[in-house]
Amino acid sequence: MKKIDKIFDKSKSISLDLYLEKVLYDRNVGYYSKNNPFGIKGDYITAPNISNVFCEMIVIWVINFWENLKKPKNINFIELGPGNGDFCFTLLKTLKNFPEIFNSINIKLYEKSEKLIKIQKKRIISKKVSWIKNLHQIKKGPVIFFGNEFLDALPIKQFKKINNNVYERYATLSKDRVNLIFKKAVKKQISKLQNYELLKHNGIIEYPEYGFRELRTICKKIKKLNGGALFIDYGYKIKKNIDTLQSVKNHKFNSVNKNIGNADITALVNFDLYKKYFSYNGLIVEKIINQSRFLQKMGIIQRVETLSNKMSFKDKSSLYLRLKRLIDPSMMGENFKVIFAKNKNCKFSLAFN
Ligand SMILES: C[S@@+](CC[C@H](N)C(=O)[O-])C[C@H]1O[C@@H](n2cnc3c(N)ncnc32)[C@H](O)[C@@H]1O
């Protein structure tokens, strides 16, 4: 707990999103600065860790998008938050079978955690791939952004509305214990919530200020350079005011103020809100669909059938179990959603139509 003091520095309290930023990414204390969270030995498993067939479906979607963009000879593909590099590994392997796009694509990995960059650099050895620290470094297009479980990893702000009063959530440290408390929100924050019509109901309101900051550059790049952004994440579409902050350790839920710096903390993605953000910033989102539908539209079942033809019974069972995990509505199929933001004149809508 000693090191946690440093997060608070001299301030008695810090806003929830700043607190989350520190407990996740601070060089000394941050969860992502110390841990490799992925896989059975880690704290959670993501879709690219579950099966490379998931990754293949995204790659096929990217190839189709590139074709729709008229096969540009130079295209930037940016993976946002590449984790342990599993997706990028399959991306490279699959694209090698499609030399025309392989020769045209520049893959850039946008990663915040130095610890994960080291892990990615060990796994991904290719002249096609480079790492970027800032999305403004992308100067040429078209550009395709992809983030799996990227949005949920970005710190959120929380507010509480009780009748006409709005309060913002802060973290405080007292007697070695972190408490999440509410303080009166400032006008500037309240007007941001009003702009997104988030103050219609009482209850907990979540506002992804960090997420919007990342998307601001992404939207600008897409408008200027052409292309689009595909995000897959767990979250909800219907409007609701609920507290979705959650913490995970060793594949189990953990109390948000326990194991600080040693457990992941995320929030569910409010897809409707992100859709609104995109439209306020000049892009369009036609539909938000669930992961099951996206993967099935991309042909995941046929791909698994083909792969399993030559497999032993044991490998076949494992492959089908992984498929089930990805598409079954009671597993990841329904909770995980897919959103694609593009320029207004773009007609590409593979899997979303
Ligand atoms: C939940 S993990 C998902 C990893 C990977 N996409 C996957 O599906 O396995 C979130 C990833 O986003 C990265 N990340 C979070 N915030 C970031 C930011 N602001 N800029 C760049 N990377 C970030 C994390 O370090 C991590 O690699």
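Please read these numbers as outputs of a predicted model, since none were measured by experiment. In listed order, ligands and their atoms are each counted from 1.
Using a 30° and 60° split on the angle between ring planes, F8 and Y19 fall in the tilted class, from 30° to 60°.
Less than 4.0 angstrom separates some heavy atom of G83 from each of these atoms of ligand 1: 4 (C), 5 (C), 27 (O). Remark: ligand 1 atoms within the under-4.0 Å shell around heavy atoms of T46 are 7 (C), 8 (O), 9 (O). Heavy-atom proximity to Y25, at under 4.0 Å, picks out these atoms of ligand 1: 13 (C), 14 (N), 15 (C), 16 (N), 24 (C), 25 (O).
Close to ligand 1: Y44, with a non-hydrogen atom less than 4.0 angstrom away. Within the 4.0 Å heavy-atom cutoff, Y210 does not count among the residues contacting ligand 1. Within the 4.0 Å heavy-atom shell around ligand 1 one finds L116.
Taking the ring axis of F102 as reference, the NZ or CZ atom of K128 stays within 45° of it and closer than 6.0 Å to the ring centre. K121 forms a cation-pi arrangement with W131, by the criterion of a distance under 6.0 Å to the ring centre and an angle within 45° of the ring axis. Stacking of K237 on the aromatic ring of F271 is not recorded, the 6.0 Å distance cut-off and the 45° axial limit not both being met.
If you check the side chains of N84 and N36, you find no donor sitting under 3.5 Å from an acceptor.
L91 has its side chain out of reach of C55: every pair of non-hydrogen atoms, C-beta onward, lies at least 4.5 Å apart.
Any N or O atom pair closer than 3.5 Å counts here, and G81 shares at least one such pair with ligand 1.
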